[in-house]
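Everything on this sheet refers to the single structure shown next.
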Amino acid sequence: WLSSLECPVLNPPTPACLNAPNWRQEKWLHVAAKLGIPVLWTHHRWGETSPIGATSMNQTHVTVVTVVGDRSLGFADESLKMHAQELADQADVDLLRVWFNGSERGSSMVATDLWADVADPVIADAMLEHFEVRNAEKKGAKK
């Protein structure tokens, strides 16, 4: 029934996952690299439980860009925001967080996830605006 909802949603369910594509971090990194986005590859040993990029994400110079619809939010160079938007478009998602190992042009992507900090007023406002725009588009299409 989630797929049949008529209201606007972020990251609609897919057959494999209730929250958009169920991609592992390795796939996100692979897709990003194919798009020409610099990525920071990390190595894992069998049985480790930490996510890809965990050591990189613990560094002090980590920047998060949050994509909500057509907007990329965060304190980062515009090129990183464009990279995050390209990745979201490629995955066909409207909500995506992308971690980079810096905030300047040329910083590498280290991880992603399909969640957002809805307690952040900037993100909450962007989500509300996204829903309002989608709702208006839907109403316009019905006329």
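- Counting heavy atoms from C-beta outward, Trp115 and Asn19 have side chains that approach closer than 4.5 Å.
- At least one donor-acceptor pair closer than 3.5 Å links the side chain of Lys81 to the backbone N or O of Gly74.
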Exercise for the section: Show your working on side-chain contact (heavy atoms from CB on, under 4.5 Å) between Trp23 and Val31 and close with a plain yes or no. Expected result: CA-CA 10 Å; Trp23 292 358; Val31 170; 3.9 Å; yes
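- More than 12 heavy atoms of other residues, nucleotides or ligands sit less than 6.0 Å from atom CD of Glu104.
- Pairing each heavy atom of Leu10 with each of Asp94, the nearest pair is CD2-CB, 3.5 Å.
- Side-chain contact between Val39 and Ser108: absent, with no pair of heavy atoms (C-beta onward) separated by less than 4.5 Å.
- There is a path of hydrophobic side-chain contacts, each under 4.5 Å, that joins Leu35 to Met109.
- For the pair Ser103 (side chain) and Ala76 (backbone), a donor-acceptor distance under 3.5 Å is absent.
- Under a 3.5 Å cut-off, the side chain of Asn11 and the backbone N or O of Leu95 do form a donor-acceptor pair.
- Scanning all heavy atoms of the two residues, the minimum distance from Ala111 to Gln25 falls at CA-OE1, 3.4 Å.
- Across all non-hydrogen atoms, the minimal contact from Leu80 to Gly102 is CD1-O, 3.5 Å.
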Practice task
Check the pair Leu87, Thr112 against side-chain contact (heavy atoms from CB on, under 4.5 Å), reporting the backbone distance first and the verdict last.
Solution key: CA-CA 10 Å; Leu87 190 57; Thr112 62; 3.8 Å; yes
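- The line from CD1 of Ile37 to CD of Gln90 is 9.0 Å long, rounded to the nearest 0.5 Å.
- With a 6.0 Å radius and a threshold of 12 heavy atoms from other residues, nucleotides or ligands, Asp120 has its CG atom above the threshold.
- Scanning all heavy atoms of the two residues, the minimum distance from Pro21 to Ala91 falls at CG-O, 3.9 Å.
- In this structure, Asp117 does not pair ionically with Arg97, as no charged nitrogen and carboxylate oxygen lie closer than 4.0 Å.
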Could you list the donor-acceptor pairs under 3.5 angstrom formed by side chains in residues 124-132, with sequence neighbours left out?
unit_1: Glu129; atom_1: OE1; unit_2: Arg71; atom_2: NH1; d: 3.4

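- Side-chain contact between Val65 and Leu73: absent, with no pair of heavy atoms (C-beta onward) separated by less than 4.5 Å.
- With hydrogens and angles ignored, the 3.5 Å screen pairs no side-chain donor or acceptor of Gln85 with any backbone N or O of Val67.
- Two residues are said to be in side-chain contact when any heavy atoms from C-beta on lie closer than 4.5 Å; Trp99 and Leu40 fail this criterion.
- Between Leu96 and Ala84, the closest heavy-atom pair is CD2-O, 4.1 Å.
- Summarising the geometry of Phe100 relative to His83, their closest heavy-atom pair is CZ-CB, 4.2 Å, with the distance given to 0.1 Å.
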